[in-house]
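In what follows, a structure is listed as structure tokens, so that the remarks can point back to it.
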Amino acid sequence: LNTMRIVDLSGIIEDGQPVYPGWPKTRIWTSDTHEEIGLQWKDQLDDEEETEIVKRSLQFHPNGDDEEHPLNRTIQMSEHGPTHVDSFNHFDPANDTSVDEIPLERFYTGGIALDFSHKDPEEFIGADDIQSQLDAHGYEIREGDTVLFHTGHRNRNYSTESVDKRRAYMFEHTGLSEEAGEFLLDSGVGNFGIDAPTVEHASAAKTK
């Protein structure tokens, strides 16, 4: 019996994660705390009417605990900050297909992961490189497959605190050559992705 393992490719969403310069940074903040809400409710009640939910909300407050206990948080992020899909109209203004119009089934596919962690940031991933990896592992790209490129870039350079690492994460990574992109297109892939801000080589961002 063949078994299928479903892999969620979404990375974490966290405050201050690196995004392209000029795009809004991911920000997460506490909108309400249990203590704040509890005090608001308490102000509207007589002491003898204090309910269990108010008591639970304030149970740490009378003991001098200054730590906030979040009740609700707000998340602000660019749609191109955390893990995301570039829709057709992102690349081509003449194309009207936005990400919400791409069938969900397109993202529920078989997949192949290829290891290019040996590539230096200055190098491109070429069509021959992809074919060599496929041959080495006996893989075959089927119509509609998702092909993933592991480069080790995120593990090396992703950071919310280091300015140098954030810059390296955005601008010092390998990527696909034009021929590699055409190879994937001709192979009938449904999706392809990478552990970097984009599948394009970092040099492409400097020439746009």
Side-chain angles (χ1 to χ4, degrees), residues 4-87 89-90 98-109 111 113 117 146 148-173 191-200 202 205:
M4 177 183 292
R5 183 164 66 98
I6 298 176
V7 181
D8 183 356
L9 301 177
S10 303
I12 61 175
I13 298 174
E14 59 183 337
D15 192 81
Q17 59 191 166
V19 297
Y20 280 111
W23 294 358
K25 290 183 172 61
T26 302
R27 295 300 185 204
I28 304 174
W29 66 90
T30 298
S31 307
D32 298 295
T33 67
H34 285 283
E35 293 81 4
E36 290 170 337
I37 295 300
L39 288 171
Q40 291 176 25
W41 288 334
K42 184 176 181 179
D43 288 343
Q44 301 175 37
L45 300 171
D46 295 330
D47 289 340
E48 61 272 13
E49 294 178 329
E50 190 170 286
T51 62
E52 280 302 313
I53 191 169
V54 172
K55 291 177 181 177
R56 286 200 305 273
S57 297
L58 297 176
Q59 62 181 318
F60 298 102
H61 186 72
N63 298 328
D65 184 357
D66 291 331
E67 180 183 352
E68 286 190 330
H69 300 86
L71 174 64
N72 291 314
R73 291 175 178 170
T74 299
I75 301 175
Q76 169 192 286
M77 63 184 182
S78 166
E79 62 182 357
H80 289 275
T83 310
H84 64 277
V85 173
D86 287 335
S87 62
N89 65 354
H90 175 68
S98 56
V99 70
D100 59 301
E101 295 172 315
I102 302 175
L104 187 60
E105 292 78 12
R106 180 165 186 149
F107 308 110
Y108 182 75
T109 74
S117 56
T146 295
L148 302 174
F149 297 91
H150 171 69
T151 68
H153 176 71
R154 181 183 176 89
N155 291 339
R156 289 191 300 268
N157 294 308
Y158 180 90
S159 175
T160 59
E161 299 176 357
S162 169
V163 174
D164 290 338
K165 278 197 169 186
R166 286 206 307 269
R167 185 187 183 285
Y169 180 73
M170 299 309 303
F171 299 116
E172 296 178 15
H173 58 82
N191 314 282
F192 54 95
I194 198 169
D195 56 343
T198 175
V199 294
E200 292 181 303

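Keep in mind the model is a prediction, meaning the values are calculated, not measured.
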Which value, rounded to the nearest 0.5 Å, describes the distance between [X] atom [atom1] and [Y] atom [atom2]?
{"X": "N157", "Y": "F171", "atom1": "CG", "atom2": "CZ", "answer": "13.0 Å"}
{"X": "R73", "Y": "I28", "atom1": "CZ", "atom2": "CD1", "answer": "8.0 Å"}
{"X": "H80", "Y": "T198", "atom1": "NE2", "atom2": "OG1", "answer": "10.5 Å"}
{"X": "H69", "Y": "D32", "atom1": "NE2", "atom2": "CG", "answer": "15.0 Å"}

- Query: Judged by modelled atom types alone, do S31 and T74 share a side-chain donor-acceptor pair under 3.5 Å?
  - Reply: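 Judged by distance alone, the side chains do pair up.
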- Query: Taking atom types as modelled, is there a side-chain donor on T26 or Q17 under 3.5 Å from an acceptor on the other?
  - Reply: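 Looking only at side-chain atoms, Q17 and T26 do form a donor-acceptor pair, the distance falling under 3.5 Å.
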- Query: CD of E79: more than 12 outside heavy atoms within 6.0 angstrom?
  - Reply: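 No, not enclosed.
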- Item | F107 atom CZ, neighbour heavy-atom count above 12 within 6.0 Å |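 Atom CZ in F107 is packed in, count exceeds 12.
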Does [X] reach the side chain of [Y], with side-chain heavy atoms less than 4.5 Å apart?
{"X": "I75", "Y": "W29", "answer": "no"}
{"X": "Y20", "Y": "M170", "answer": "yes"}
{"X": "V85", "Y": "H90", "answer": "no"}
{"X": "I37", "Y": "L71", "answer": "yes"}
{"X": "K25", "Y": "M77", "answer": "no"}
{"X": "D15", "Y": "R27", "answer": "yes"}
{"X": "Y169", "Y": "V19", "answer": "no"}
{"X": "V199", "Y": "F192", "answer": "yes"}

Please check if the side chain of [X] supplies one atom and the backbone of [Y] the other of a donor-acceptor pair under 3.5 Å.
{"X": "R156", "Y": "T151", "answer": "yes"}
{"X": "T83", "Y": "G11", "answer": "yes"}
{"X": "S159", "Y": "E161", "answer": "yes"}

Shortest non-hydrogen contact from [X] toward [Y]:
{"X": "P24", "Y": "S78", "value": "O-CB, 3.7 Å"}
{"X": "G16", "Y": "R166", "value": "O-CD, 4.1 Å"}
{"X": "S162", "Y": "K165", "value": "OG-N, 3.1 Å"}

- Among L148, N191, D195, find the residue that satisfies the side-chain contact (heavy atoms from CB on, under 4.5 Å) test when tested with L9.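 Of the listed options, the one satisfying the test is L148.
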- Message: Please tell me whether H153 and H173 form a close aromatic pair, meaning their ring centres lie under 6.0 Å apart.
- Response: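 Here the rings of H173 and H153 have centres that are less than 6.0 Å from each other.
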- Query: When you look at S87 and S98, which way does the side chain to side chain donor-acceptor pair (under 3.5 Å) test go after all the steps?
  - Reply: CA-CA 6 Å; S87 62; S98 56; over 6 Å; no
